Number of protein chains: 2
Amino acid sequence: MTTAALSSRPSSFSNQASKAILSANINEAGWRCHGNLWSNLREVCDLLHIAAPVSSVEEEVLFQHVRFKAGQRIHTIGQSFDTLYIVNSGFLKTVLIDEYGNEQVLSFPMKGDLLGIDGIHNQHHASEAVALSDCDIILLPYKIFTALGHTYAELEHAMFSVMSRELVREQLMIGMLSALSAEAKVARFLTNLGDRFSQLGYSGRSFNLRMTRHEIGSYLGLTLETVSRTLSAFNEMGLISVEQREICLLDPATLKTLRRLPPTKARNKVSEKVSTLVSKKLMPQWSADAAVAA
Amino acid sequence: MTTAALSSRPSSFSNQASKAILSANINEAGWRCHGNLWSNLREVCDLLHIAAPVSSVEEEVLFQHVRFKAGQRIHTIGQSFDTLYIVNSGFLKTVLIDEYGNEQVLSFPMKGDLLGIDGIHNQHHASEAVALSDCDIILLPYKIFTALGHTYAELEHAMFSVMSRELVREQLMIGMLSALSAEAKVARFLTNLGDRFSQLGYSGRSFNLRMTRHEIGSYLGLTLETVSRTLSAFNEMGLISVEQREICLLDPATLKTLRRLPPTKARNKVSEKVSTLVSKKLMPQWSADAAVAA
DNA sequence: CGGAGTCTTGACGAGATTCAAGGCCAGTGG
DNA sequence: CCACTGGCCTTGAATCTCGTCAAGACTCCG
């Protein structure tokens, strides 16, 4: 954050000199881009939304930034694991490759997300992370990070917590994949994306997609045609406005509660009449403030 | 394992007496069932397939066993979290409840599996674990376990590793849910189950299902009718023999490679002719030893 | 024996995929 | 500057898989 990083490179080193050497010669990439080459523990914790340990030593350890261009891979399947990654800026996808070479999109990480957890088990990555835009990534050497966890108990718990959060996210994903209709999947995908953008301080109503229809489809277990058709349908109904990758959510509330006609097959027989009458037009009936629609 | 546990309860206590007091009065359940009420760290590590720390202190800490009857809940959604669970024996399911009260099955844990990880994040369980048969569960108080992790670095890494493994498992689940046909899902479900049974020393070819068709369907994102029909189809084709919950895998190799006619939509156009000719009958074409079929 | 829960099987239809054709957009090279 | 190319997106029509609804059989238990 010290200005004038361009002309006087040493200045950014002045208060960090001795410790930086620890990992300085690992990778020479991204020398002085955007003036933020190293982050201390506090910055890392802020990024991950976890409470930082209140100690002075934290300033001593620095983590290196690396830049990736769109299309580049942060890690690949089978690659041996020794570091975790935090997204500092940019947009990516993580994918699985099945036995026939087809990509299966697992997530779309963005600022503040942790990558590479899948590599801890048996020391090799099970998935692949690809930059969808230019990215700034922070390297967290696993050994160093767990060592820090030993001295700061809060940090260790936070690490478990982040992994647990990731696990819960995937569980919800499984629930969504196996129980929702195509319309509901796309609707929730859009609102989730919007929510994540607003958490980052951007507009949650109006944004542009960084991924192709094909990638969205892979993520949601649909074909690209179905995704496209669904977006067009939402557009015509006035729920969103869409033009290529430019999206605007006009009625987020309705999108959030949009669902399959009978959700799986429902134990509550009460709703059946309403369901068949109203839900045909994709309108959720018992959203608290559905009166507006009429 | 000392015999005569019934009449002389004190005998099973003789060699553990002083240490057990540590946590003896936490919970009075399961007093002397099957003679194995407490496990030390080594036993726990063996169960989880992780290397146990080579120390003497480990004998000091004991973990309590609790028994659950079929239908009982180990933890419920929203319940506050403070302990992890290891399955020592028995069969369970973990489920999510969606906004309309429908169950979504997430996994079928059995011996050696770790439960409750989803609770670490924000201290409340996000899912629910239900015993499908009578179960013997080991309690791992989270605080105690992480404290042990502090003194034994291997243990901490092992904990991360187990969580990572769980994450990878869920990723594969996502891939399977969104890319495979109903037949392929059921086929892989059966072979996975078989593999898990054989890892535990049981027969991987012949076993009985502990869950209903409805639960299988929920797990795979299918209806119970589709599951039933698919099993019947496999039965007629001689791939399995099935009678109610009694399953025998007659051709595991074929089942493992069974897939959708076009897997997702395939980049490899080569296979299309073969595919349309052969795959209509659900036979995988390029399984190494497919020649047997003819 | 009767009843509840589970499983099987059939007929039908709706929703999603597949196949195909054409439009939009950006980058490239003449 | 413009035509050309390739990737991405849209839209339509035909197909098919899977879900829905319904009826009946099996099993376990009181």
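The structure displayed is predicted, hence computed values, not measured ones. Only heavy atoms go into these numbers, but all of them, side chains included; no hydrogens, no water, no symmetry mates. Below, chain A is the first sequence line, B the second, and so on; all start at residue 1.
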Going by modelled atom types, is there a donor-acceptor pair between the base of C:dT9 and the side chain of B:Arg213 at under 3.5 Å? no
For the atom pair CG (A:Leu190) and CG (A:Leu231), what is the distance rounded to the nearest 0.5 Å? 6.0 Å
Does D:dC9 have OP1 or OP2 under 4.0 Å away from a side-chain N or O of A:Ser228? no
Side chain of B:Glu225 (C-beta onward), nearest among D:dC18, C:dA16, D:dC21: D:dC21
Aromatic rings B:Tyr85 and B:His75: how do their planes relate, parallel, tilted or perpendicular, breaks at 30° and 60°? parallel
Which part of the nucleic acid, if any, lies within contact of B:Leu222, taking any heavy atom under 4.0 Å across all strands shown: a base, the sugar-phosphate backbone alone, or nothing? sugar-phosphate
Just to verify, what does A:Asp134 make a salt bridge (Lys or Arg N to Asp or Glu O under 4.0 Å) with, not counting sequence neighbours? none
Over all strands shown, is A:Gly217 touching base, sugar-phosphate only, or nothing at heavy-atom distances under 4.0 angstrom? nothing
Donor-acceptor contacts, no H, no angles, side chain residues 196-203 of chain A, under 3.5 Å, sequence neighbours left out:
{"residue": "A:Arg196", "atom": "NH1", "partner": "A:Phe108", "partner atom": "O", "Å": "3.1"}
{"residue": "A:Arg196", "atom": "NH2", "partner": "A:Phe108", "partner atom": "O", "Å": "2.8"}
{"residue": "A:Arg196", "atom": "NH2", "partner": "A:Asp113", "partner atom": "OD2", "Å": "2.9"}
{"residue": "A:Ser198", "atom": "OG", "partner": "A:Gly194", "partner atom": "O", "Å": "3.0"}
{"residue": "A:Ser198", "atom": "OG", "partner": "A:Asp195", "partner atom": "O", "Å": "3.1"}
{"residue": "A:Ser203", "atom": "OG", "partner": "A:Arg205", "partner atom": "N", "Å": "3.2"}
{"residue": "A:Ser203", "atom": "OG", "partner": "A:Ser206", "partner atom": "N", "Å": "3.1"}

Nearest-Å distance for atom pair CG/C1', residues B:Asn235 and C:dC7: 13 Å
From C:dA16, D:dC18, D:dC9, pick the nucleotide closest to the side chain of A:Arg245? D:dC9
Could you tell me whether the side chain of B:Val186 reaches within less than 4.5 Å of the side chain of B:Leu222, counting heavy atoms only? yes
In this structure, how many angstroms lie between the P atom of D:dT10 and the NE2 atom of A:His214, rounded? 15 Å
All pairs passing salt bridge (charged side-chain N to carboxylate O under 4.0 Å, His left out) where residues 168-177 of chain A contributes a residue, at least two apart: A:Glu166-A:Arg169
Below the 4.0 Å mark, does C:dA16 have OP1 or OP2 next to a side-chain nitrogen or oxygen of A:Thr226? no
Please round to 10 degrees the angle between the axis of the first five pairs and the axis of the last five pairs in the helix from C:dC1-D:dG30 to C:dG30-D:dC1. 30°
Using the test salt bridge (Lys or Arg N to Asp or Glu O under 4.0 Å), find all partners of A:Glu236 that sit at least two apart in sequence or belong to another chain. none
Using a heavy-atom cut-off of 4.0 Å across all strands, would you classify B:Thr212 as base, sugar-phosphate, or nothing? sugar-phosphate
At a cut-off of 3.5 Å, list every protein nitrogen or oxygen paired with a nitrogen or oxygen from nucleotides 23-30 of chain D, distance to 0.1 Å.
none

Give the rounded distance in Å between these two atoms: CG of A:Leu231 and P of C:dA16. 14 Å
C:dG15 base / A:Arg229 side chain donor-acceptor hit below 3.5 Å: no
Validate the cation-pi geometry between B:Arg245 and B:Phe207: distance from NZ or CZ to the six-membered ring centre under 6.0 Å, angle to the ring axis within 45°. no
Could you tell me the separation between the CD atom of B:Glu246 and the C1' atom of C:dC7, rounded to a whole number of Å? 15 Å
